[in-house]
Protein chains: 2
Amino acid sequence: MKNSKTDRIALNGFILNTIRQCPLLQSLNSQDFDEIVQQSHAKQLPENSVLFEQGSPLTDIYLLMSGGIKLQRLAPNGDEKVIEIIRPGQTFAEAALFSGGSCYPVSAISITPSMVVAIHAETYLKLLTGSNDLCLTLLAKLSQKLHWMVNEVDRLTLHNATFRLVDYLLSHIPENSNDRTDVSLVAPKHVIASRLSIKPETLSRTLKSLAKQNLINLDGSKIELIDINSLRQLVSLET
Amino acid sequence: MKNSKTDRIALNGFILNTIRQCPLLQSLNSQDFDEIVQQSHAKQLPENSVLFEQGSPLTDIYLLMSGGIKLQRLAPNGDEKVIEIIRPGQTFAEAALFSGGSCYPVSAISITPSMVVAIHAETYLKLLTGSNDLCLTLLAKLSQKLHWMVNEVDRLTLHNATFRLVDYLLSHIPENSNDRTDVSLVAPKHVIASRLSIKPETLSRTLKSLAKQNLINLDGSKIELIDINSLRQLVSLET
DNA sequence: TGTCAAAATTGATCAAGGTCAATTTTCGTC
DNA sequence: GACGAAAATTGACCTTGATCAATTTTGACA
């Protein structure tokens with residue numbers, strides 16, 4: 001694990017531009033935005049490095065600029081479960097700003113070389129207490145996330161492994177697209193498996209079975225969705 | 001299903017007192033509180049009546065005064081899954097205030113005769129946009145709820161049925177209590193089963209097995225936790 | 001108190017997906 | 001391009017909890 005201090009880098013113009021657009025910050029006036037920027041920095045992460053650990057004190061909230069991050073939880077017995085795979089443009093850890101004595105409820109680990117922007121939590125909190133707009137934005141964000149989690153519980157309890165996999169694959173293509181498309185997996189298959197709460201072996205078998213039905217084509221970490229309509233049907237009339 | 005309009009009742013002093021203490025409202029100044037009260041009403045629900053349905057437009061958020069409410073989701077195929085069982089004093093639906101085009105993401109159905117206070121959502125939203133304190137309170141609430149959901153996903157994916165049941169039972173007694181205690185189930189067993197994402201048959205068998213190990217005693221909807229330390233151990237070194 | 005429907009229990013069986021072990025494939029590094 | 005470690009695949013087998021069907025129990029209400 002590399003020492004994170006060595007990776008702290010200043011914010012350049014491109015980064016500034018990007019975070020200015022970030023939903024969590026765009027309602028800030030320029031003075032407040034400047035204050036946030038003062039207290040923020042970018043961070044380069046090599047593959048497989050720990051950004052923060054479950055249970056450690058929350059100091060920053062993050063915006064992923066490039067790469068990929070998995071958020072995972074540790075069971076008492078050592079098992080790990082990937083809760084979410086963060087893609088560029090997403091913010092994370094903002095939901096933990098309040099509760100839980102301000103500790104991160106998950107661990108964040110890069111799955112590819114990544115760059116994140118760390119936003120100083122305390123500063124952000126201070127601005128929150130002063131800006132109603134900012135509060136409302138964050139409220140909407142959390143509300144949306146909560147809704148997503150309710151759906152996730154649905155998927156876990158009401159649907160089987162095949163459903164979850166197909167649903168996951170379909171979430172990578174536009175709602176209305178009907179043509180065969182390549183989906184390239186953003187993480188190693190065993191991470192995807194954990195995200196979907198199935199074992200790598202089962203993921204492998206399930207993919208193979210879909211391929212045998214001519215619904216998809218397998219080519220390493222690239223998966224071609226052949227018969228999107230049938231896939232959609234599969235998840236819509238799911239057992 | 002009874003016509004809900006006939007059950008709309010005015011807020012009396014006792015109710016006013018209670019909702020004044022409610023976390024979601026206590027940071028309001030008295031003028032704003034009065035405005036909310038103007039737009040709120042209590043509602044009596046017989047057992048097994050629908051308060052609101054998944055997908056219907058969100059008009060009110062609720063505080064349960066007495067009784068019990070289950071929040072459940074409907075799968076496309078008709079299966080139902082109880083997400084949460086609401087107890088008196090809890091508010092619900094507030095997390096849906098923002099996202100999802102303002103539709104309820106779950107259905108709410110009484111499991112015993114219940115009384116709820118309906119708080120007019122639009123009014124509350126309006127006050128939210130005017131009060132930073134109120135926003136921060138709600139933020140904390142949502143953040144806490146989100147944290148709870150993450151734990152729920154943990155339980156569903158990292159732990160088996162016995163764990164979830166024991167964990168549920170233990171959540172009904174004080175953290176530090178060690179003496180045998182009666183836990184009385186707040187809902188019919190099949191509702192508890194759905195809440196725990198197991199089948200009624202499995203719940204029955206699992207309870208019996210715990211009883212056979214002399215960890216609990218069964219007596220209808222009353223369950224006596226005999227050996228609390230062993231139960232705690234069971235969930236702490238869980239598979 | 002008797003009746004009836006819903007809830008709970010019990011037994012028998014089954015299937016999805018997990019586990020374990022053995023290969024094979026992939027990929028980063030020299 | 002060769003090497004080695006990690007990832008992925010495959011096969012054999014097993015466990016958990018679901019399903020189906022048959023009773024038994026409970027509880028509301030006449």
Side-chain angles (χ1 to χ4, degrees), chain A residues 46-49 68 70 75 77-82 109-113 155-166 184-212 216-223 234 238-239, chain B residues 46-49 68 70 75 77-82 109-113 155-166 184-212 216-223 234 238-239:
Chain A
E47 184 174 328
N48 231 280
S49 65
K70 60 178 176 179
N77 65 3
D79 277 3
E80 289 171 349
K81 151 77 181 145
V82 174
I109 296 164
S110 57
I111 49 182
T112 57
R155 280 186 288 266
L156 289 172
T157 57
L158 259 19
H159 301 297
N160 63 21
T162 305
F163 175 97
R164 299 207 296 277
L165 171 56
V166 172
S184 50
L185 302 178
V186 295
K189 285 187 180 158
H190 66 276
V191 173
I192 309 276
S194 173
R195 160 71 188 83
L196 297 174
S197 293
I198 55 184
K199 296 288 150 180
E201 296 94 324
T202 304
L203 175 60
S204 176
R205 286 187 244 267
T206 308
L207 281 172
K208 193 165 195 185
S209 138
L210 291 172
K212 200 170 292 171
I216 64 174
N217 257 338
L218 293 175
D219 173 23
S221 75
K222 194 158 292 177
I223 294 174
L234 220 166
E238 152 70 359
T239 125
Chain B
E47 184 174 329
N48 230 281
S49 65
K70 59 178 177 179
N77 65 2
D79 277 4
E80 288 171 351
K81 151 79 179 141
V82 173
I109 296 163
S110 58
I111 49 183
T112 57
R155 280 187 288 267
L156 289 172
T157 57
L158 261 17
H159 302 297
N160 62 22
T162 305
F163 174 98
R164 299 207 297 276
L165 172 56
V166 172
S184 50
L185 301 179
V186 294
K189 284 186 181 160
H190 66 277
V191 173
I192 309 276
S194 172
R195 159 73 187 81
L196 298 174
S197 294
I198 55 185
K199 295 287 149 182
E201 294 96 324
T202 304
L203 175 61
S204 176
R205 287 187 244 266
T206 308
L207 281 171
K208 194 166 196 185
S209 138
L210 290 172
K212 199 169 291 170
I216 63 174
N217 258 338
L218 293 176
D219 174 22
S221 73
K222 193 158 293 178
I223 293 175
L234 220 165
E238 149 72 358
T239 123

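Below, each value reflects all heavy atoms present in this structure, side chains not excepted, and no hydrogens, waters or symmetry copies. So that the names make sense, note that chain A is the first sequence line, chain B the second, and so on, each numbered from 1.
We find that NE2 of A:His159 is positioned 16 Å from P of D:dA18, with the value rounded to whole Å. At whole-Å resolution of the value, NZ in B:Lys208 and C1' in C:dT10 are 7 Å apart. Remark: C1' of D:dA18 and CG of B:Leu196 are 16 Å apart, rounded to the nearest angstrom. Rounded to whole angstrom, the span from the NZ atom of A:Lys222 across to the P atom of C:dC27 amounts to 11 Å. In this entry the distance linking CG of A:Asn48 with C1' of C:dG28 reads 13 Å, nearest Å. Rounding to whole angstrom units, CD of residue A:Glu47 and P of C:dG28 are separated by 8 Å. As a whole-Å value, the separation of A:Lys199 NZ from C:dA16 P is 19 Å. Residue B:Glu201 contributes atom CD, which lies 16 Å from atom C1' of C:dA15 at whole-angstrom precision.
Note on B:Pro200: nothing from the nucleic acid sits closer than 4.0 angstrom, heavy atoms only. At the heavy-atom level, B:Leu203 lies nowhere under 4.0 Å from the strands shown.
For A:Ser204, a side-chain nitrogen or oxygen approaches OP1 or OP2 of D:dT9 to under 4.0 Å. At the phosphate of D:dA8, OP1 or OP2 sits under 4.0 Å from a side-chain N or O atom of A:His190.
Checking D:dT19, D:dT9, C:dA8 against the side-chain heavy atoms of B:Arg205 singles out D:dT19 as nearest. Closest to the side chain of A:Ala161, out of D:dA8, D:dA21, C:dG17, is C:dG17.
Checking side-chain atoms of B:Lys81 against main-chain N and O of B:Ser194 turns up a donor-acceptor pair under 3.5 Å. For the pair A:Arg155 (side chain) and A:Arg164 (backbone), a donor-acceptor distance under 3.5 Å is absent. One N or O on the side chain of B:Thr112 and one on the backbone of B:Gly68 form a donor-acceptor pair closer than 3.5 Å. A:Ser221 places no side-chain N or O within 3.5 Å of a backbone atom of A:Leu185 that could act as its donor or acceptor partner.
When every heavy atom of B:Ile111 is checked against every heavy atom of B:Val186, the shortest pair comes out as CD1-O, 3.7 Å.
Of the two residues contacting DNA chain C, namely A:Thr162 and B:Leu218, the nearest-nucleotide position lying further toward the 5' end is that of B:Leu218. Comparing A:Gly220 and A:Ser197 against DNA chain C, the residue whose closest nucleotide sits nearer the 5' end is A:Ser197.
Taking only distance into account, the side chain of B:Arg164 never meets the base of D:dT16 through a donor-acceptor pair shorter than 3.5 Å.
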